[in-house]
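Heads up, the thing below is written out as structure tokens.
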Amino acid sequence: MSANGHIHDVVVVGAGPGGSSAATFLAREGLDVLVLDRSEFPRDKVCGDGLTPQAIYWLDQLGCADEVMAQTQACIRDCDLFINGKHLLTGGFPAGTAYPDFAILLDRRRFDDTLLRNAIAHGARFEGGRILRELEVGRDAVELTCQTRDGAKSFRGRIVIGADGVSSTVSRAIGNKLKTGAMALSLRAYYRDVECEGAQIKVYFDRDYFPGYGWLFVDDDGFANVGLGYAVDRHFAMPGKLAEDFQRFLERELGTMLSHAVPCGPPSGGSAAFFKPNAILADRIMLVGDAANHADPLNGGGIHKAMESAYFAAETAVAALEAGDCSRAALGAYEERWGRHVGFDWQTAELFLSIAKNPHLRDFCLFTLTQIGRLTDADRQFQEFCSGVFSGALSQSICLSPRALYHAFPKDPRVWRAMFAAEGGTVLGPLRVARGAAQSLGRAGIEMARDPLVNLDWGIEVATKAVRLVERGVAETPGLTQPAGIHPALLQQVRASAPG
């Protein structure tokens with residue numbers, strides 16, 4: 001028990017985007033909120049540092065969008081996509097959705113510190129250097145025992161929100177096994193004096209490190225975040241050594257831009273999980289963000305998902321405390337609302353990842369991405385549809401809607417002629433596209449036959465997820481993703497205040 005026996009309304013474990021967002025939402029309601037983190041702030045965090053349109057929306061809801069955007073030197077409205085070393089297209093974020101049509105770049109050291117200071121400004125308390133070792137749920141509160149430089153220290157809270165990342169101690173305390181499903185493993189490094197004209201986002205897909213991708217995010221001052229990530233699971237391990245592949249990616253794809261750049265320290269490693277844990281809540285406990293494996297399985301983005309889940313968890317905590325019932329049943333409203341809001345999209349993205357993570361399908365996946373990219377490059381409407389689905393600005397489940405696909409798919413014959421021209425013209429092009437698809441599938445079949453048990457297990461997994469998705473789709477209609485509690489007037493202010 002803590003020295004003074006004080007019981008906080010909510011103790012938030014972890015001061016990343018999910019934890020600080022939850023603390024802000026809760027403190028604004030007048031609750032007694034304590035945030036604990038193993039680190040003192042500011043501190044670094046391995047990440048791509050890209051803040052998506054969805055993240056910008058949530059920054060506005062938290063009241064710190066202006067402060068974050070004042071620190072950035074990059075407002076980006078499009079992205080360059082490369083496949084096997086060749087530039088395929090430059091695509092932008094879709095307009096007319098519930099979110100802004102731009103992204104910004106800000107390193108996590110400054111970004112997370114801004115979010116935490118925002119929570120403190122709204123009334124939350126923070127204690128750093130607190131490593132959670134033990135958690136015990138009692139009748140009236142949860143007791144948390146932390147290791148500090150001065151020895152063990154205990155805290156009590158009526159509700160605990162676990163926002164302590166992919167290696168969450170809180171998640172383990174409620175019975176979850178960590179890192180047992182699909183994971184992303186990545187390396188990231190910072191460079192300054194990168195040779196690049198203005199702020200840019202570049203994404204690289206390549207046969208040597210698919211499923212996964214490399215990235216370069218660079219701001220107007222030539223400060224860049226570069227990284228490489230793989231998707232792996234218990235059946236499909238990393239095909240090579242991440243450090244060696246990362247160095248090869250830097251030399252082969254970014255050699256010119258980094259030729260005179262200066263590294264800002266050695267690369268750092270990180271991970272994210274893309275499987276549903278056994279539980280995201282228990283009596284007096286809820287998980288948000290990476291602690292709940294809420295990152296997007298399709299693009300790997302986790303910041304805006306953490307902030308969004310924090311909103312639902314905070315809303316549920318307020319209602320539970322007002323009712324005097326913090327049982328698992330009462331907190332179930334969080335899981336229900338979260339599932340209703342993003343469940344269909346998350347299952348859709350999870351299915352796509354399950355298919356793509358089989359390395360035997362890398363050629364077919366890259367071939368398909370290439371053909372889709374050529375279509376999007378020639379048709380703006382289809383490009384906005386695809387970029388919206390990949391970024392999450394549109395519901396990812398919308399690509400399962402026949403009506404949505406019909407309206408989005410290119411109908412202008414000139415678009416198709418442009419795609420076939422890249423394959424040899426309107427006569428040979430269709431034949432070469434068909435042959436390319438058949439050859440890549442044929443190679444996949446031969447490679448799968450060499451390891452039948454693993455691929456049979458993978459096939460059952462994909463089929464099971466597909467059936468569950470179809471069953472859910474019968475009752476739900478895919479559509480535009482809508483933020484919780486969206487305020488159109490505030491959204492317009494965010495768009496108007498975009499840098500540049």
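By convention here, the first residue in the shown sequence is residue 1.
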| To the nearest 0.5 Å, what is the distance between CG (L254) and OG (S259)? | 11.0 Å
| Within 6.0 Å of CZ in R374, more than 12 heavy atoms from elsewhere | yes
| query | Do you know the tightest heavy-atom contact between A184 and F274? | reply | CB-CE1, 3.3 Å
| If you look at every heavy atom in A55 and H304, which pair is closest and at what distance? | N-CB, 3.5 Å
| said: With no hydrogens and no angle check, just 3.5 Å: does a side-chain donor-acceptor pair link D107 and N225? | reply: no
| remark: ring pair (Phe, Tyr, Trp, His ring centres under 6.0 Å) test vs Y311 passes for just one of W58, W338, Y57, namely W58
| message | Any donor-acceptor pair under 3.5 Å linking the side-chain atoms of Y213 with those of D206? | response | no
| message | Quiz question: by atom type and distance under 3.5 Å, do the side chains of S171 and N176 form a donor-acceptor pair? | response | yes
| request: Could you tell me which non-hydrogen atom of F275 sits nearest to which non-hydrogen atom of A182, and how far apart they are? | output: CD2-O, 3.6 Å
| request: Return the minimal non-hydrogen interatomic distance between A23 and V35, and the atom names on each side. | output: CB-CG2, 3.5 Å
| task | Enter the distance from I104:CD1 to T52:OG1 here, rounded to the nearest 0.5 Å. | result | 9.5 Å
| field | Donor-acceptor pair, side chain of D219 and main chain of A224, under 3.5 angstrom | value | no
| request: Determine, stepwise, if the pair Y190 / V226 fulfils side-chain contact (heavy atoms from CB on, under 4.5 Å). | output: CA-CA 6 Å; Y190 286 119; V226 299; over 6 Å; no
| task | Take S20 and D112 through the test side-chain contact (heavy atoms from CB on, under 4.5 Å) and record every step on the way to the result. | result | CA-CA 8 Å; S20 291; D112 287 12; over 6 Å; no
| Can D44 and R108 be counted as an ion pair, charged N to O under 4.0 angstrom? | no
List the atom pairs, with distances to 0.1 Å, where a side-chain N or O of residues 234-244 and a protein N or O form a donor-acceptor pair under 3.5 Å, not counting sequence neighbours.
from: R234; atom 1: NH2; to: D457; atom 2: OD2; distance (Å): 3.3
from: H235; atom 1: NE2; to: D457; atom 2: OD2; distance (Å): 2.3

| message | Using the rule given for side-chain contact (heavy atoms from CB on, under 4.5 Å), can you reason through R172 versus L178, listing the C-alpha separation, both sets of side-chain angles and the distance that settles it, and then say yes or no? | response | CA-CA 7 Å; R172 288 196 300 268; L178 308 185; 3.4 Å; yes
| query | Are R248 and E253 ion-paired here, with the side-chain N under 4.0 Å from a carboxylate O? | reply | no
| request: With side-chain contact (heavy atoms from CB on, under 4.5 Å) as the test, would you mind laying out the steps for F93 and S387 before giving the verdict? | output: CA-CA 6 Å; F93 296 101; S387 65; 5.7 Å; no
| request: Compare every heavy atom of F246 with every heavy atom of P267, then report the nearest pair and how far apart it is. | output: CG-CE2, 3.7 Å
| Among V68, L59, D113, L62, the one residue meeting side-chain contact (heavy atoms from CB on, under 4.5 Å) with N118 | L62
| task | Would you tell me whether S354 and K465 have side-chain atoms, one donor and one acceptor, within less than 3.5 Å of each other? | result | yes
| request: Evaluate the criterion ring pair (Phe, Tyr, Trp, His ring centres under 6.0 Å) for residue pair F41 and F126; output intermediate values, then yes/no. | output: CA-CA 10 Å; F41 276 59; F126 172 69; 5.6 Å; yes
| Does S309 use its side chain to pair, donor to acceptor, with the backbone of G289 at less than 3.5 Å? | yes
| query | L34 versus L36: any side-chain heavy-atom pair under 4.5 Å? | reply | yes
| request: Could you give me the CA-CA distance, side-chain angles and deciding distance for R38 and D164, then say whether salt bridge (Lys or Arg N to Asp or Glu O under 4.0 Å) is met? | output: CA-CA 9 Å; R38 64 171 47 242; D164 46 341; over 6 Å; no
| Which one of Y204, F205, Y230 satisfies the ring pair (Phe, Tyr, Trp, His ring centres under 6.0 Å) criterion with F249? | Y204
| Hey, does the side chain of S21 reach the backbone of G18 with a donor-acceptor pair shorter than 3.5 angstrom? | no
| query | Can Q71 and E67 be counted as having a side-chain donor-acceptor contact under 3.5 angstrom? | reply | no
| message | Would you say that L115 contacts C64 through its side chain, given a criterion of any heavy-atom pair below 4.5 Å between the two side chains? | response | yes
| query | Are the side chains of D49 and L105 in touch, meaning some heavy atoms are under 4.5 Å apart? | reply | no
| request: Enter the distance from L106:CG to I303:CD1 here, rounded to the nearest 0.5 Å. | output: 9.0 Å
| query | R450 versus N455: any side-chain heavy-atom pair under 4.5 Å? | reply | no
| query | Looking at CE of M419 and OG1 of T376, how far apart are the two atoms once the value is rounded to the nearest 0.5 Å? | reply | 11.5 Å
| said: Please report the interatomic distance SG(C399) to CG(L394), rounded to the nearest 0.5 Å. | reply: 10.0 Å
| query | What is the minimum heavy-atom distance between Q381 and A408, and which atoms define it? | reply | NE2-CA, 3.8 Å
| Can we say K357 and D233 salt-bridge, meaning some charged N sits less than 4.0 Å from an Asp/Glu carboxylate O? | yes
| Do D37 and R130 meet the salt-bridge criterion of a basic N to acidic O distance under 4.0 Å? | no
| Backbone N/O of F390 and side chain of N299: donor-acceptor pair under 3.5 Å | yes
| request: May I ask you to decide if S391's main-chain N or O and Q54's side chain share a donor-acceptor pair within less than 3.5 Å? | output: yes
| query | Sub-3.5 Å donor-acceptor pair from the side chain of T72 to the main-chain atoms of A74, do we have one? | reply | yes
| field | Ring geometry between F385 and F382 (parallel below 30°, tilted from 30 to 60°, perpendicular above 60°) | value | parallel
| Under a 4.5 Å cut-off applied to non-hydrogen side-chain atoms, are S168 and D290 in contact? | no
| Does a donor on one side chain sit under 3.5 Å from an acceptor on the other, for E308 and H294? | no
| request: For ring pair (Phe, Tyr, Trp, His ring centres under 6.0 Å), just list the numbers for Y191 and F223, CA-CA rounded to whole Å, side-chain angles, deciding distance to a tenth of an Å, and then say yes or no. | output: CA-CA 6 Å; Y191 285 82; F223 180 73; 9.6 Å; no
| Donor-acceptor pair, side chain of Y334 and main chain of I280, under 3.5 angstrom | no
| Going by atom types only, do D80 and T90 share a side-chain donor-acceptor pair under 3.5 Å? | yes
| Are any of the side-chain nitrogens in E447 or R443 under 4.0 Å away from the carboxylate oxygens of its partner? | no
| request: Working to the nearest 0.5 Å, report the span between CG of L81 and CD of Q383. | output: 10.5 Å
| field | Test item: side-chain donor near acceptor, Q396 and D296, under 3.5 Å | value | yes
